[in-house]
Amino acid sequence: MRKEVLFNITDDGRQLTFKVKQMPATKGERWVNRVIALLANSATGQVSDFEFSKLKAKFSGPDKLQEIFKVIGQLDYDKVEPLYDELLNCCEHVPDPTNTSFSVPCTAANVDTVIGEFKNLYRLRWEALKVNFDFFQTGQIAQGQQGQPSITFAKTTATSGR
């Protein structure tokens with residue numbers, strides 16, 4: 001059974017409810033594989049030159065933030081955008097919070113009809129990442145990230161009937 005999470009955000013002074021559904025296993029696996037290939041290519045220049053130990057050493061050294069931004073800066077956005085949009089496709093707008101069984105799927109083509117503030121697009125995608133790839137979390141808060149999340153959770157359900 002796939003996980004789904006309901007949460008609220010404030011957008012242009014309005015309280016909006018969204019549902020995030022976990023991708024099917026095969027789609028999630030393909031998504032992660034494409035991200036790894038893009039990052040490996042960006043970090044080394046060629047996928048064939050990719051060595052995880054070298055990449056890990058780069059990202060754990062004293063200049064790790066600089067290295068991370070360097071890799072992200074070398075990504076081809078035309079290849080990243082479909083992955084980015086797939087995260088948005090995990091999200092659904094719930095127009096009536098008292099009737100969570102009715103929701104409207106979010107896509108890059110229709111999300112502007114619901115969301116007015118671009119920062120909320122990041123929030124939607126972040127929640128999709130959390131629902132789909134929570135196994136990457138260690139359960140420990142990284143140093144300097146001890147603030148409260150900017151999203152208010154209203155209700156959580158464990159599984160979806162799909």
Side-chain angles (χ1 to χ4, degrees), residues 1-7 9 11 16-61 63-94 103-115 117-145 149-151 153 156-162:
M1 299 275 226
R2 295 187 312 182
K3 293 182 281 186
E4 69 178 47
V5 174
L6 290 169
F7 66 97
I9 60 174
D11 186 79
L16 300 174
T17 301
F18 288 90
K19 182 186 303 186
V20 179
K21 292 184 177 181
Q22 185 179 30
M23 294 177 193
T26 54
K27 186 175 182 177
E29 179 193 34
R30 285 191 298 264
W31 193 94
V32 168
N33 289 340
R34 289 184 296 162
V35 167
I36 290 170
L38 281 172
L39 289 173
N41 186 39
S42 174
T44 63
Q46 296 180 25
V47 174
S48 61
D49 292 341
F50 179 69
E51 288 184 40
F52 184 74
S53 60
K54 287 182 181 178
L55 186 63
K56 185 177 176 184
K58 269 185 168 183
F59 290 162
S60 59
D63 297 326
K64 63 184 168 192
L65 191 57
Q66 182 179 354
E67 290 295 329
I68 291 170
F69 279 115
K70 188 188 302 182
V71 168
I72 291 171
Q74 294 171 355
L75 290 173
D76 180 354
Y77 188 75
D78 290 334
K79 293 179 181 175
V80 172
E81 189 173 27
L83 294 167
Y84 205 52
D85 288 344
E86 284 180 37
L87 291 174
L88 192 59
N89 293 341
C90 294
C91 303
E92 298 179 7
H93 175 235
V94 180
S103 57
V104 180
C106 294
T107 66
N110 74 0
V111 75
D112 287 330
T113 62
V114 179
I115 298 288
E117 298 178 37
F118 75 90
K119 68 180 181 180
N120 287 327
L121 294 174
Y122 288 109
R123 290 179 181 165
L124 289 176
R125 289 179 173 112
W126 179 250
E127 288 303 315
L129 278 170
K130 287 176 18 183
V131 166
N132 283 287
F133 307 111
D134 63 348
F135 58 87
F136 285 121
Q137 296 177 349
T138 62
Q140 296 178 356
I141 298 174
Q143 188 176 15
Q145 296 181 350
S150 58
I151 296 174
F153 289 90
T156 302
T157 56
T159 59
S160 172
R162 287 191 197 178

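We number each residue from 1, following the sequence as shown.
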Can you measure from [atom1] ([X]) to [atom2] ([Y]) and round to the nearest 0.5 angstrom?
X: L38; Y: L75; atom1: CG; atom2: CG; result: 6.0 Å
X: C90; Y: K130; atom1: SG; atom2: NZ; result: 14.0 Å
X: L124; Y: F7; atom1: CG; atom2: CZ; result: 5.0 Å
X: C91; Y: N120; atom1: SG; atom2: CG; result: 11.5 Å
X: E127; Y: Y122; atom1: CD; atom2: OH; result: 16.0 Å
X: T17; Y: I9; atom1: OG1; atom2: CD1; result: 9.0 Å

By side-chain contact (heavy atoms from CB on, under 4.5 Å), which residues pair with V114, not counting sequence neighbours?
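Expected list: L16, F18, H93.
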Non-neighbouring partners of D76 that pass side-chain contact (heavy atoms from CB on, under 4.5 Å), sequence neighbours left out:
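Listed in chain order: D78, K79.
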Just distance, no hydrogens or angles: give the donor-acceptor pairs under 3.5 Å from side chains in residues 23-32, sequence neighbours left out.
{"residue": "W31", "atom": "NE1", "partner": "L83", "partner atom": "O", "Å": "3.0"}

Listed by chain and number, what are the side-chain hydrogen bond (donor to acceptor under 3.5 Å, both in side chains) partners of [X], not counting sequence neighbours?
X: N89; value: none
X: Q22; value: none
X: E117; value: K119

Ignoring hydrogens, what is the shortest heavy-atom contact between A128 and L87? Give both atom names and the distance.
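Looks like CB-O, 3.3 Å.
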Heavy-atom closest contact (K21 atom, N132 atom, distance):
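In this case the closest contact between K21 and N132 is O-ND2, 4.1 Å.
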Short side-chain donor-acceptor distance under 3.5 Å, T107 and N110
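Side-chain D/A pair, N110 to T107: present.
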Y77 atom OH, over 12 foreign heavy atoms within 6.0 Å:
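Enclosed: over 12 neighbouring heavy atoms sit under 6.0 Å from OH of Y77.
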